[in-house]
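One structure below.
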Amino acid sequence: MRKISVFDTTLRDGEQSAGVNLNFEEKMEIAKQLERLGVDIIEAGFPASSQGDFQSVKAIAETVKGSSVTGLARSVQKDIDAAWEALKSAEEPRIHLFIATSPIHMEHKLRMTPEQVIEKAVESVKYAASRFKHVQWSAEDASRSDFPFLAQIIEAVIQAGATVINLPDTVGYTTPQEIKRMFQYMKQNVPSIDKVSLSTHNHDDLGMAVANSLAAIQGGADQVECTINGIGERAGNASLEEIAVALNIRKDHYETETGLILKEIKRTSSLVSKLTGMVVPNNKAVVGANAFAHESGIHQDGVLKNKQTYEIITPEMVGVSSNSMVLGKHSGRHAFKTKVQELGFTGTDEQLNNIFKAFKDLADKKKEITEDDLFALMTEQTVGGETNHYELQALQVNYGSNLTNTATITMKLPSGEVAEEAATGSGSVEAIYNTLERLLDAPVKLLDYRIQSITGGRDALADVYVQMDYQGVVSSGRGTAHDVLEASAKAYLNAVNRTINRKKYAEVYESKVEV
């Protein structure tokens with residue numbers, strides 16, 4: 001079996017999804033889970049793009065040991081220098097350089113001739129290779145590039161020191177037949193192609209990212225670039241979980257394998273979904289809520305007789321377990337600790353105590369505590385990571401179909417004082433948000449509000465996601481609670497606190513630069 005390396009770009013290309021804004025702790029938690037999943041390479045970010053990205057890439061490079069860590073860089077020296085500073089302490093420092101090669105990109109975006117593009121690419125690869133042992137070079141918009149020119153520039157960058165060549169379908173334009181032919185062409189027409197690994201990176205604008213990735217592997221790709229849940233710019237990237245399971249189930253066809261620990265897929269998907277606020281559709285392949293549901297009587301009858309009649313993927317393969325009760329209000333600390341560690345908890349004793357307290361509080365309200373409930377409580381504690389400048393202390397809502405809806409809130413302010421305010425609204429959530437805005441120091445524009453239940457049942461935990469414009473900054477927030485109104489208030493304040501923390505972090509960095 002030929003080994004296919006898995007290059008995960010959830011923290012770089014995935015975070016470029018509209019509305020996604022991960023903080024330092026959230027990126028770190030995702031990186032650690034990707035390591036548990038067994039991905040070969042984690043693209044942790046774009047170090048030169050911002051100080052926040054630089055610090056996140058640096059911390060991930062210093063922490064993750066089971067996967068290689070890389071960062072994106074344009075073909076300019078300052079980007080390469082930033083990447084080196086962020087990644088030099090990694091177990092296996094590597095860099096991901098790119099420059100556009102299609103006629104439309106070279107002419108209209110770069111405003112460079114093909115000869116100038118080759119010169120720039122060679123110059124940047126040589127400079128990067130003087131520091132990094134592994135240099136991945138990407139031909140942006142490769143699928144719309146002229147193949148003879150593409151072969152020429154690939155040979156040039158290999159001679160300059162590139163060790164991995166990536167041929168991305170940047171705008172999701174190509175087809176499986178075309179991308180397979182592109183890889184085969186390069187294998188046949190680039191003299192030094194055997195000295196490097198070939199990588200594929202596909203977007204889903206025409207819904208063919210996974211199919212194109214699999215076709216590229218058939219064409220000779222040794223590495224596949226993808227994201228958890230297929231998140232990413234526009235229509236997203238190729239979905240890691242779909243590619244991984246396809247290669248596993250159809251080993252007979254693709255004759256390849258990965259080093260992924262497939263039972264970690266569901267947990268990784270749930271974590272990324274919660275932290276990004278991007279809900280996984282019920283009918284999503286592999287990780288959707290309905291992926292293993294059978295409603296048709298004929299299907300149900302077949303599955304009861306032999307699961308293989310209609311189930312080609314077992315739930316256990318990707319880490320899906322039943323929502324039966326795993327712990328109750330009489331469960332002790334030892335059993336609780338063992339269970340959360342099984343779910344991937346690696347936090348501090350203080351965080352464990354906080355999760356245990358939240359679990360006990362929930363157990364008094366909810367009869368059955370499921371793995372999904374525990375995962376939600378665990379995530380809330382371990383990746384909050386924000387200083388709570390505003391802190392909710394009490395919430396009361398008066399609601400009636402023929403009454404004026406009123407919310408009364410007691411909140412701790414950044415000054416340490418406790419304030420109480422009330423306001424009305426056409427609905428309970430609007431009344432809460434109108435009240436909170438009165439307690440803040442600046443107006444808020446709510447851009448998005450979403451709510452979903454963690455599990456089924458009338459006593460399910462509520463998970464609320466909001467996106468807002470506060471103090472001129474667009475930020476997202478999440479809140480989880482047994483009560484949907486409390487979860488809504490928590491999500492709102494989480495977004496506000498995140499905005500304040502981002503601004504304070506930027507001010508601290510700027511003051512350090514000035515010194």
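Under the 4.0 Å criterion applied to side-chain N and carboxylate O atoms, R267 and E264 are assigned as salt-bridge partners. A salt bridge links R131 with D81: the closest approach of a Lys/Arg side-chain nitrogen to an acidic carboxylate oxygen falls below 4.0 angstrom. Residues K109 and E140 are paired through a salt bridge, judged by an N-O separation under 4.0 Å between the basic side chain and the carboxylate. Salt-bridge formation is detected for the pair D222/R2: a Lys NZ or Arg NE/NH1/NH2 atom is positioned less than 4.0 Å from an Asp or Glu carboxylate oxygen. Using a 4.0 Å cut-off between a side-chain N of Lys or Arg and a carboxylate O of Asp or Glu, E15 and K27 qualify as a salt bridge. Electrostatic pairing of E43 and R94 does not count as a salt bridge here, judged by no charged N lying under 4.0 Å from a carboxylate O. With respect to the salt-bridge test (charged N to carboxylate O, under 4.0 angstrom), the residues R144 and E178 do not qualify. A salt bridge between R478 and D463 is absent, with no side-chain N of the basic residue lying under 4.0 Å from a carboxylate O of the acidic one. A salt bridge is defined here as a Lys NZ or Arg NE, NH1 or NH2 lying under 4.0 Å from an Asp or Glu carboxylate O, and K58 with E62 meets this definition. Under 4.0 Å is where a charged nitrogen must lie from a carboxylate oxygen, and between K126 and E123 no such pair does.
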**OP:** Just do the side chain to side chain contact (heavy atoms under 4.5 Å, CB included) check on V287 and V318 with the steps written out, would you?
**Re:** CA-CA 8 Å; V287 292; V318 295; 5.8 Å; no
**OP:** Might you work through the side chain to side chain contact (heavy atoms under 4.5 Å, CB included) test for D469 and V444, ending with a clear yes or no?
**Re:** CA-CA 6 Å; D469 186 328; V444 175; over 6 Å; no
**OP:** Could you go through the side chain to side chain contact (heavy atoms under 4.5 Å, CB included) check for Y465 and Q452 one step at a time?
**Re:** CA-CA 9 Å; Y465 168 87; Q452 64 176 341; over 6 Å; no
Original post:
Does the pair E26 and R498 meet the rule for a salt bridge (charged side-chain N to carboxylate O under 4.0 Å, His left out), with working shown?
Top reply: CA-CA 12 Å; E26 291 164 344; R498 285 169 66 113; 2.7 Å; yes
Subject >> Intermediate values then yes/no, side chain to side chain contact (heavy atoms under 4.5 Å, CB included), F375 and L271 >> reply: CA-CA 8 Å; F375 186 80; L271 180 67; 3.7 Å; yes
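In terms of heavy atoms, S488 sits closest to Y433 at O-OH, 2.8 Å. Of all heavy-atom pairs spanning A142 and T101, the tightest one is CA-OG1, 4.1 Å. For the pair P176 and A211, the tightest heavy-atom approach, listed with the atom from each and the gap, is CG-CB, 3.9 Å. For A376 against T480, the heavy-atom pair with the smallest separation is CB-CG2, 4.4 Å. The shortest non-hydrogen separation linking A491 to G479 is CB-N, 3.5 Å. A221 approaches F183 most closely through the heavy-atom pair CB-CE2, 3.8 Å.
Here the side chain of D13 pairs no donor or acceptor atom with the backbone of T9 at under 3.5 angstrom. In terms of modelled atom types and a separation under 3.5 Å, the side chain of R74 and the main chain of I99 share no donor-acceptor contact. Checking side-chain atoms of D204 against main-chain N and O of A209 turns up a donor-acceptor pair under 3.5 Å. With hydrogens and angles disregarded, a donor-acceptor distance shorter than 3.5 Å links the side chain of N23 to the backbone of E25. In terms of modelled atom types and a separation under 3.5 Å, the side chain of S124 and the main chain of A121 share a donor-acceptor contact. Formation of a donor-acceptor pair under 3.5 Å by the S50 side chain with backbone atoms of D53 is found in this model. A donor-acceptor pair is defined here as one N or O able to donate and one able to accept, closer than 3.5 Å; such a pair exists between the side chain of E35 and the backbone of G66. At least one donor-acceptor pair under 3.5 Å links the side chain of N237 to the backbone N or O of I231. No donor-acceptor distance shorter than 3.5 angstrom exists from the side chain of T276 to the backbone of V20, with no hydrogens or angles considered. Although no hydrogens or angles enter the test, the distance criterion places a donor-acceptor pair under 3.5 Å between the side chain of D40 and the main chain of V6.
No side-chain N or O of K133 forms a donor-acceptor pair with one of T163 less than 3.5 Å apart. Checking S68 against E91 by side-chain atom types alone, no donor-acceptor pair falls below 3.5 Å. In this structure, a donor-acceptor pair under 3.5 Å is present between the side chains of D8 and T10. Using modelled atom types and a 3.5 Å distance limit, the side chains of S269 and N229 yield a donor-acceptor pair. Using modelled atom types and a 3.5 Å distance limit, the side chains of Q136 and E225 yield a donor-acceptor pair. Side-chain contact of T174 with D169: a donor-acceptor pair under 3.5 Å is absent, judged by distance alone. Checking Q471 against T499 by side-chain atom types alone, no donor-acceptor pair falls below 3.5 Å. Using a 3.5 Å distance cut-off with no hydrogens or angles, the side chains of E233 and H203 do not pair a donor with an acceptor. Between the side chains of Q184 and R181, no donor-acceptor pair is found at a separation under 3.5 Å. In this model, a donor atom of one side chain and an acceptor atom of the other lie less than 3.5 Å apart for N202 and T200. Remark: the Q33 side chain and the E29 side chain contain no N/O donor-acceptor pair separated by less than 3.5 Å. Between the side chains of S199 and Q223, at least one donor N or O lies within less than 3.5 Å of an accepting N or O.
By the 4.5 Å heavy-atom criterion applied to side chains, R36 and I261 are not counted as neighbours. The shortest distance between side-chain heavy atoms of M317 and I249 falls below 4.5 Å. K284 is listed as a side-chain neighbour of E242, based on a closest heavy-atom distance under 4.5 Å. Residues L34 and I228 are in side-chain contact: their nearest non-hydrogen atoms beyond the backbone lie under 4.5 Å apart. A heavy-atom distance below 4.5 Å is found between the side chains of V474 and L447. Within the 4.5 Å cutoff, the side chain of R250 has heavy atoms near those of the D252 side chain. Between I42 and T70 there is no side-chain heavy-atom pair separated by less than 4.5 Å. Proximity of L374 to I355: side-chain heavy atoms (C-beta onward) are nowhere separated by under 4.5 Å.
Taken from OG in S476 to CG in N494, the straight-line distance is 7.5 Å, to the nearest 0.5 Å. Put simply, CD on Q16 and OG1 on T227 are 11.0 Å apart, with the number rounded to the nearest 0.5 Å. With values rounded to the nearest 0.5 angstrom, Q218 atom CD is found 10.0 Å from E255 atom CD. Atom CG of residue L150 and atom CD of residue Q152 lie 10.5 Å apart, to the nearest 0.5 angstrom.
A side-chain contact (heavy atoms from CB on, under 4.5 Å) with I243 holds for exactly one of V224, V286, I4; it is V224.
With sequence neighbours left out, the salt bridge (Lys or Arg N to Asp or Glu O under 4.0 Å) criterion links D373 to K366. Listed by chain and number, the residues in a ring-ring contact (aromatic ring centres under 6.0 Å, His included) with F46 amount to none (sequence neighbours excluded). Under the ring-ring contact (aromatic ring centres under 6.0 Å, His included) criterion, F7 pairs with H96, not counting sequence neighbours.
Note: W137 and F98 fail the aromatic proximity criterion, with ring centroids not under 6.0 Å apart.
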